[in-house]
Amino acid sequence: MTAAPARILETQALTARYGHVQALSAADIHVCAGELVAVLGPNGAGKSTLLRAILGLASTTGTASFHGTPLPRQDPVAVSSRGVVLVPEGRGIFGPMTVSENLQLGAYRLRSDKAEYERRLTRVLALFPRLGERLSQTAGSMSGGEQQMLAIGRALMSDPKILLLDEPSLGLAPRVIAEIMEKLALLRDEGLPILLVEQKAPAALKLAQRAYVLVLGRIVACLDPRDLSSHDDLAKYYFH
Ligand SMILES: Nc1ncnc2c1ncn2[C@@H]1O[C@H](COP(=O)(O)OP(=O)(O)O)[C@@H](O)[C@H]1O
Ligand SMILES: [Mg+2]
């Protein structure tokens, strides 16, 4: 018998509220070594809240564990120090700063370890050569797709142990989405586990090992993307 793959990230009965509004109800999800896991759901389903809850940024009950140890609550720096890193919705890059400066910010904890900085930068620029051509350009002057690449590149500069992505496809053309998804698959294949939150199901389902469906704050299904014969299968969860 082969051992079950190790659960890198796991939530148990993770619940989040904004005041009296419960935006996430008792969510149980997990990401194993080598996996890219998708969380799909319509606008307002609680996808961003789930990521905020994992990071300990929302008012939560239940647990979010990383390698079997609960992640701290209300201490995002401590969470990111453990290697749990978010690429936020809307990308969160600094538009007036250059591409190079944005990437440096991702590695701020390195301080003066120049060799390690160069190693990380080389890896990011190998993955996204277009960023290398634009290092001295301001981030805000780049296309939406390039800005998303920069947001992912900046997260990689912190040497994450798992990457959480909040709707990286938002506002991008299908060709650009496909390119970004390809890069995520490469990262996953290099051994970086990924939790990908998306409203656009088809792009995410192409690369996910598992997909959770989140509707009105509840995980209503956990699917193997290979079992979905058509996207109508998904729609039934959205509109039940
Ligand atoms: N800061 C907030 N204060 C109050 N309600 C919020 C806040 N952020 C999100 N919500 C509500 O929580 C629910 C889930 O939101 P969100 O996690 O942003 O959904 P999604 O990312 O799936 O679009 C929505 O009903 C939204 O209106
Ligand atoms: Mg959201």
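A quick note: this is a predicted structure, and the numbers were derived from the prediction, not measured. We're numbering straight along the sequence, starting at 1. Start at 1 and go down the list; that is how both ligands and their atoms are numbered.
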**Study point:** Close residues, ligand 1: non-hydrogen atom nearer than 4.0 Å
**Key:** Tyr18, Ala23, Pro42, Asn43, Gly44, Ala45, Gly46, Lys47, Ser48, Thr49
Point to revise | All salt bridge (charged side-chain N to carboxylate O under 4.0 Å, His left out) counterparts of Arg130, not counting sequence neighbours | key: Glu146, Glu179
Review point. Apart from Val77 itself, what residues make up its hydrophobic cluster, given side-chain heavy atom links below 4.5 Å?
Key: Tyr108
Review point. Is the Mg ion (ligand 2) less than 2.8 Å from at least one N/O/S atom of Ser48?
Key: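 Within the cut-off used here (under 2.8 Å), Ser48 does place an N, O or S atom near the Mg ion (ligand 2).
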Exercise for review: For the pair Arg210 and Glu35, find out whether any cationic side-chain nitrogen is under 4.0 Å from an anionic carboxylate oxygen.
Suggested key: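 Yes, charged N to carboxylate O under 4.0 Å.
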**Study point:** By side chain to side chain contact (heavy atoms under 4.5 Å, CB included) - contacts of Thr60 (at least two apart)
**Key:**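 For Thr60 the side chain to side chain contact (heavy atoms under 4.5 Å, CB included) partners, ignoring immediate neighbours, are Leu14, Ala16, Ala53, Ala58, Arg73.
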Check your understanding: With distance as the sole test, does Arg123 use its side chain to make a donor-acceptor pair with the main-chain N or O of Asp159 at under 3.5 Å?
Key -> no
Review point. Backbone N or O of Ser59 within a donor-acceptor pair of the Tyr18 side chain at under 3.5 Å?
Key: no
